[in-house]
Colleague: 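Sharing a structure, written as structure tokens. Questions coming.
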Number of protein chains: 2
Amino acid sequence: MNLSDYIEKHIKQLLKQDASSVVDIQRNLLADELGCAPSQINYVLTTRFSRDRGYLIESRRGGGGYIRIIRLSTKPSERVREMLSSQRVTQAQAMQRIAWLEEYGWLSKREAALMRAAVDSSVLKLGLPERDIVRAHIFRAMLTTLIKLSGGGESAL
Amino acid sequence: MNLSDYIEKHIKQLLKQDASSVVDIQRNLLADELGCAPSQINYVLTTRFSRDRGYLIESRRGGGGYIRIIRLSTKPSERVREMLSSQRVTQAQAMQRIAWLEEYGWLSKREAALMRAAVDSSVLKLGLPERDIVRAHIFRAMLTTLIKLSGGGESAL
DNA sequence: TTGCCTTTGACCTACTTTGACCTTCGCGCC
DNA sequence: GGCGCGAAGGTCAAAGTAGGTCAAAGGCAA
């Protein structure tokens with residue numbers, strides 16, 4: 001077993017010990033403990049604890065910094081995973097997706113309206129293809145947030 | 001938790017104890033109590049008790065000097081108008097504004113999280129000053145949307 | 001051999017903490 | 001009243017802490 005696999009196992013162990021499926025680690029400390037380069041932790045996090053594997057990562061720099069690993073109780077549905085992977089999103093696509101999310105009860109009316117506002121072309125005053133790329137980023141970030149917030153629940157987004 | 005977070009908590013505690021939402025502190029005394037450099041108090045005040053978060057700071061030097069922390073009461077319309085007029089918005093400003101809106105009950109936790117996601121610098125992968133301009137557009141669009149939706153209600157945002 | 005995954009290290013960005021030096025104010029003394 | 005001193009608070013830059021990124025090098029299997 002290579003280092004990355006070992007680190008993965010270690011983190012999963014920590015997650016198992018925690019009832020809330022949230023674990024905070026200190027990157028340099030952990031790297032030291034496991035005898036690897038700090039950036040290796042990032043590598044493991046991006047390859048093994050990605051969004052579409054059902055994990056979310058948050059972090060903070062500076063004094064008192066940390067990396068927080070959150071395990072979602074359910075993996076996102078096929079449709080959502082598809083949405084998460086788009087590199088570009090047109091205005092029309094975004095509107096369809098928001099409508100879908102709203103229809104299935106993942107978004108309240110207000111939340112849907114907020115999302116529409118954030119990805120509207122008249123708001124994102126940028127040229128193409130930049131606009132569709134930024135829209136994709138915004139949409140993904142918002143969707144990820146929804147997933148995280150409903151992560152405590154059971155029914156899969 | 002780092003020192004700054006602790007000081008923030010401490011001050012909020014003091015504010016909670018005071019019905020009028022005003023607290024006077026003595027910088028050196030507090031610094032001594034909390035075991036930190038006096039200027040650290042200023043750091044916390046500027047980063048956590050800014051105007052964008054709904055606080056006002058007054059102070060006086062010399063003998064009998066003090067720092068007064070005032071939590072602004074709900075008089076949203078004016079501040080919201082102010083927010084709507086910004087041509088540029090930094091990440092820090094946006095976060096503070098969202099915190100304020102949430103604290104005063106204009107945003108649910110989910111809505112606040114969605115807004116944060118949409119204006120995050122790591123999401124808006126653009127250079128400056130473009131990033132702050134786009135953020136201002138997005139923020140304004142979302143806020144405008146909220147206002148429209150609560151337009152039917154009574155307590156106007 | 002070639003391509004993919006892993007590992008490392010140099011350099012970057014963000015947030016915090018501290019200390020040296022500055023300004024303002026009240027007070028007592030002439 | 002003017003002066004000077006000590007008591008506060010203000011500012012700012014430097015140092016400290018911690019995580020992020022990226023490209024190059026390494027290793028292994030098809």
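Each chain gets a letter, A, B and so on, in the order its sequence line appears, and its residues count up from 1.
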Colleague: Starting from P on D/dA8, measure out to CG on B/D32 and report it in whole angstrom.
Modeller: 12 Å

Colleague: Quick one: do A/R81 and A/D52 make a salt bridge, cutoff under 4.0 Å?
Modeller: no

Colleague: Starting at atom CD of A/Q26, determine the distance to atom P of C/dT16, rounded to an integer number of angstrom.
Modeller: 14 Å

Colleague: Less than 3.5 Å between a donor and an acceptor, one on the side chain of B/S39 and one on the base of C/dG19, is that the case here?
Modeller: yes

Colleague: A/N2 has an atom CG; how far is it from atom P of D/dC28, in whole Å?
Modeller: 10 Å

Colleague: Looking at every strand, decide which applies to A/G65 at a 4.0 Å heavy-atom threshold: base, sugar-phosphate, or nothing.
Modeller: sugar-phosphate

Colleague: Measure OH/A/Y66 against P/D/dG19 and give the value in whole Å, please.
Modeller: 11 Å

Colleague: Among the nucleotides D/dG19, C/dT8, C/dT16, which one has an atom lying closest to any side-chain atom of B/D5?
Modeller: C/dT16

Colleague: Could you see if B/M95 belongs to whatever hydrophobic cluster contains B/V44? Use Ile, Leu, Val, Met, Phe, Trp, Tyr and a side-chain cutoff under 4.5 Å.
Modeller: no

Colleague: Between A/R60 and A/D24, does any NZ, NE, NH1 or NH2 come within less than 4.0 Å of an OD or OE carboxylate oxygen?
Modeller: no

Colleague: If we ignore angles and hydrogens, is there a donor and acceptor under 3.5 Å between the side chains of B/S122 and B/D120?
Modeller: yes

Colleague: Between C/dT17 atom C1' and B/M1 atom CE, what is the distance in whole Å?
Modeller: 16 Å

Colleague: Take the protein atom CD of A/E58 and the nucleotide atom C1' of D/dG20, then report the distance between them rounded to whole Å.
Modeller: 16 Å

Colleague: Salt-bridged, A/K148 to A/E58, with N to O below 4.0 Å?
Modeller: yes

Colleague: Between A/C36 and B/S4, who's closer to the 5' end of DNA chain C by nearest nucleotide?
Modeller: A/C36

Colleague: Atom pairs, N/O to N/O, protein against nucleotides 23-27 of chain D, distance under 3.5 Å?
Modeller:
none

Colleague: If we ignore angles and hydrogens, is there a donor and acceptor under 3.5 Å between the side chains of A/R97 and A/S86?
Modeller: yes

Colleague: Given D/dG19, C/dT8, D/dG9, which nucleotide is nearest the side-chain atoms of A/N28?
Modeller: D/dG19

Colleague: Send over the distance from B/R27 CZ to D/dT11 C1', rounded to a whole Å.
Modeller: 10 Å

Colleague: Identify the pairs formed between an N or O of the protein and an N or O of nucleotides 21-23 of chain C at a distance under 3.5 Å, and give each distance.
Modeller:
unit_1	atom_1	unit_2	atom_2	d
C/dT23	O4'	B/R61	NH1	3.2
C/dT23	O2	B/R61	NH1	2.5

Colleague: Do A/I147 and B/V123 sit in the same hydrophobic cluster, where Ile, Leu, Val, Met, Phe, Trp and Tyr count as joined when their side-chain heavy atoms come under 4.5 Å apart?
Modeller: yes

Colleague: Whole-Å distance between C/dC25 C1' and B/I67 CD1?
Modeller: 15 Å

Colleague: Would you confirm whether A/E111, through its side chain, and A/L146, through its main-chain N or O, come within 3.5 Å as a donor-acceptor pair?
Modeller: no

Colleague: Whether B/R51 and B/E82 form a salt bridge (side-chain N of Lys/Arg under 4.0 Å from carboxylate O of Asp/Glu) is what I want to check.
Modeller: yes

Colleague: Would you jot down, in residue-number order, the residues of residues 40-55 of chain B having a non-hydrogen atom under 4.0 Å from DNA chain D?
Modeller: B/N42

Colleague: Should A/E102 and A/R116 count as an ion pair when the cut-off is N to O under 4.0 Å?
Modeller: yes

Colleague: Applying side-chain contact (heavy atoms from CB on, under 4.5 Å) to B/Y55 and B/R48, what does each step give before you reach the verdict?
Modeller: CA-CA 9 Å; B/Y55 296 90; B/R48 324 281 219 262; over 6 Å; no

Colleague: Going only through I, L, V, M, F, W and Y residues with side-chain contacts under 4.5 Å, is there a path from A/I67 to A/I70?
Modeller: no

